[in-house]
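Structure first, commentary second.
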Amino acid sequence: MNKDIKRIETPCEVKLGWKDIPVGGSLVGGSNSTCLKTGTWRMQHPKVNKDKCTNCMTCWLFCPDMSIVVAKESEKYEMLGFDPVHCKGCGVCSKVCPVNAIEMVLGADFENTEKPFLK
C-alpha cells in the first residue's frame, strides 16, 4: 500500500466525523452498513414465494444493500429471506427476479424485527 495513504479502521461503536476522514478516504472496517440499521424507514418490503424461487441468486447479485439472507446447503446456495435491518424496500430484487418469486408488500403491516423476512 502507498505510504501516503492513511488507513482508518474503527469499530462500529466509534463514530467518525467528516473532519476525521482524509480527503478521498474510503470507509473500511466498522464504518460500513453492517453497523448501521437503515431499514426502519422503508414503506414496503420484499416477500418471497419459496415455491417459485429457483435459488438463482439474481436478487442477491443486484441487491444494493446486501439484504438477501443466503446459506450454503451442501454444494448449493439457498436464498432464505431478507434482512429487515438493512433492506430499504427499493424493490430491485423483485424487478430482477426471473421467475417473479419476489413481490413488494406494504410495510405498514410488518413488525420491524431483526429476524429475516421468511414469508
Test item: H45 and V105 side chains (from C-beta on) under 4.5 Å apart, heavy atoms:
yes

To the nearest 0.5 Å, what is the distance between CD1 on I68 and NE2 on H86?
13.0 Å

Nearest-0.5 Å distance that lies between atom CD in Q44 and atom OG in S94:
7.5 Å

List the atom of V69, the atom of D83, and the distance in Å for their closest heavy-atom pair.
CG2-N, 3.7 Å

Look only at the side chain of N49 and the backbone of D51, and say whether a donor-acceptor pair between them is shorter than 3.5 Å.
yes

Side chains of F82 and C63: does their closest heavy-atom pair fall under 4.5 Å?
no

About how many Å separate OG of S74 and CD of E78, when rounded to the nearest 0.5 Å?
9.5 Å

Do V48 and Y77 belong to the same hydrophobic cluster, where Ile, Leu, Val, Met, Phe, Trp and Tyr are linked whenever their side-chain heavy atoms lie under 4.5 Å apart, directly or via other members?
yes

Any heavy-atom pair between the side chains of V70 and M57 that's under 4.5 Å?
yes

Check side chain to side chain contact (heavy atoms under 4.5 Å, CB included) between K95 and all other residues, then give those that pass, not counting sequence neighbours.
none

Find the distance between SG (C93) and CE (M79) and round it off to the nearest 0.5 Å.
7.0 Å

Can you tell me if K50 uses its side chain to pair, donor with acceptor, with the backbone of A101 under 3.5 Å?
no

When hydrophobic residues are tied together by side-chain contacts of less than 4.5 Å, even through go-betweens, does V92 share a cluster with I102?
yes

Rounded to the nearest 0.5 Å, what's the gap from SG on C97 to NZ on K52? Could you check?
8.0 Å

Quick check against the 3.5 Å criterion: does R42 have a side-chain atom that pairs as donor or acceptor with the backbone of C87?
yes

